[in-house]
Number of protein chains: 2
Amino acid sequence: MILKSQVEWALHCCAILAGLPDGRYLSTKALAEFHGLPKEYLSKALQGLSHAGLVDTSLGPSGGYRLAKPPADINFLEIVEAVEGRQRTFICSNIRANNPCRPKDYCESSPCAVARIMWEADEAWREKLRGVRLSDLVGILSQEIPPQLWKSSFEWVLERAG
Amino acid sequence: MILKSQVEWALHCCAILAGLPDGRYLSTKALAEFHGLPKEYLSKALQGLSHAGLVDTSLGPSGGYRLAKPPADINFLEIVEAVEGRQRTFICSNIRANNPCRPKDYCESSPCAVARIMWEADEAWREKLRGVRLSDLVGILSQEIPPQLWKSSFEWVLERAG
DNA sequence: GGGGGCATACTCGGATATCTAGTGTCCGAGTGCTATAGG
DNA sequence: CCTATAGCACTCGGACACTAGATATCCGAGTATGCCCCC
């Protein structure tokens, strides 16, 4: 059980978009080049973000993506679910129903105990992601990345932002 | 990102094995029949448990599997990791290193901030699973399952336990 | 009747096919920019 | 010189191959059992 690499890409791309001035767009091409990723495939991750309403798109030259909401209003879970899907990581196929001793008219009332426990863990994971905002990530990055690199990266992006 | 169905099977099988009297073994065949699962494939999940040292095996007629430790000394995470593997759900391919503005002699000191956040969520998930013991599951099941069904299932298993 | 040896049937374990889902690529519809022609 | 228009280049979005991992199956090595023979 491993998250798609698209999740990593989407998070990094959102971090870049968060630093974009209001009204500017950044294209898939620029994002792909900046991260050294296949442009065509990265676009699928960005499509997921677009579909989830996290980013706005613009067509034509100087078009691309920008955040649809302020970075403080976007959390990690939204981004992860936009790419990875919203279904739980544990699927209960209710194998207890195959118990040969089970009476035929017997019908389970509550979900399987095993599933409930697994779902609780799943929810703990989601809750943790829900608690981290995109703005938090930007804050961390701005402290960790050397000012020189931060500045030049910002300029690199602005040169290509439409 | 969805856990293998083997995880579900392994958990249910462990619950059955937890009710087995000391020294008795239960075969893959019996476990598969009880849960309505393909015998050959279920054996792979049990192999995982065996490899992780959670269960002991015995060959020949009346052989099979039994728990290697008391149910109170086995937690959900051990079982899940035995089947699913121990690697983290988020893999960082360090795409920040592809930043075209990055100086060539620059070397990241700490792991990527994105990865750290994702790993924290992963750890929250694991911590939750680590906190549930196999004996807890058995306790829940013994309360939820109708006594009649519980009893007949137990007898069904004992008839086939070597 | 008791004990030892042997064939047997059953077990697990790893090696081998099939299928779904993640990965990667391609092309088309649509839009904003730009250059040009006309006023 | 300014404006309107037409062409164009660039954008995203969905449709189409490829590959890895999950799913399913098979066969072989090894052992405890039970039967049979011998004492």
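In what follows, chains are A, B, ... by sequence order, proteins preceding strands, each numbered from 1. FYI, side chains are in, hydrogens and waters are out, and symmetry mates aren't considered; it's all heavy atoms of this structure.
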Just wondering, do A:Leu141 and A:Trp150 contact through their side chains at under 4.5 Å, heavy atoms? yes
Strictly below 4.0 Å, heavy-atom distances to any atom of DNA chain D: list the hits from residues 15-29 of chain A, or just say none. A:Ser27, A:Thr28
Flag the pair B:Glu123 and B:Arg126 as a salt bridge only when some basic side-chain nitrogen lies within less than 4.0 angstrom of an acidic carboxylate oxygen. no
Can we say A:Asp56 and A:Arg66 salt-bridge, meaning some charged N sits less than 4.0 Å from an Asp/Glu carboxylate O? yes
Expressed as a whole number of angstroms, how long is the span from B:Leu3:CG to C:dA21:C1'? 15 Å
For the backbone of B:Thr89 and the side chain of B:Asp122, can you confirm whether one donor and one acceptor N or O come within less than 3.5 Å of each other? yes
Write down the distance between CD1 (A:Ile2) and C1' (C:dT23), rounded to a whole number of angstrom. 14 Å
Answer yes or no: is there an ion pair linking A:Glu78 with A:Arg133, defined by an N-O contact shorter than 4.0 Å? no
Within residues 40-71 of chain B, residues whose heavy atoms come under 4.0 Å of DNA chain D: B:Glu40, B:Tyr41, B:Leu59, B:Gly60, B:Pro61, B:Ser62
When rounded to the nearest 0.5 Å, the distance separating CD of B:Glu127 from NZ of A:Lys128 is 10.0 Å
Closer than 4.0 angstrom, basic N to acidic O: yes or no for B:Lys29 and B:Glu33? no
The answer to which of B:Lys39 and B:Glu84 contacts DNA chain D further toward the 5' end, by nearest nucleotide, is B:Glu84
Outer limits of DNA chain D sitting under 4.0 Å from a non-hydrogen atom of chain A, read 5' to 3', are D:dC10 to D:dG14
Starting at SG of A:Cys14, measure out to CG of A:Leu20 and round the result to the nearest 0.5 Å. 12.0 Å
Give the ring-plane orientation class for A:Trp9 versus A:Tyr41, where under 30° counts as parallel, over 60° as perpendicular and anything between as tilted. perpendicular
Just by distance, no angles: are the side chains of A:Asn98 and A:Arg96 close enough, under 3.5 Å, to form a donor-acceptor pair? no
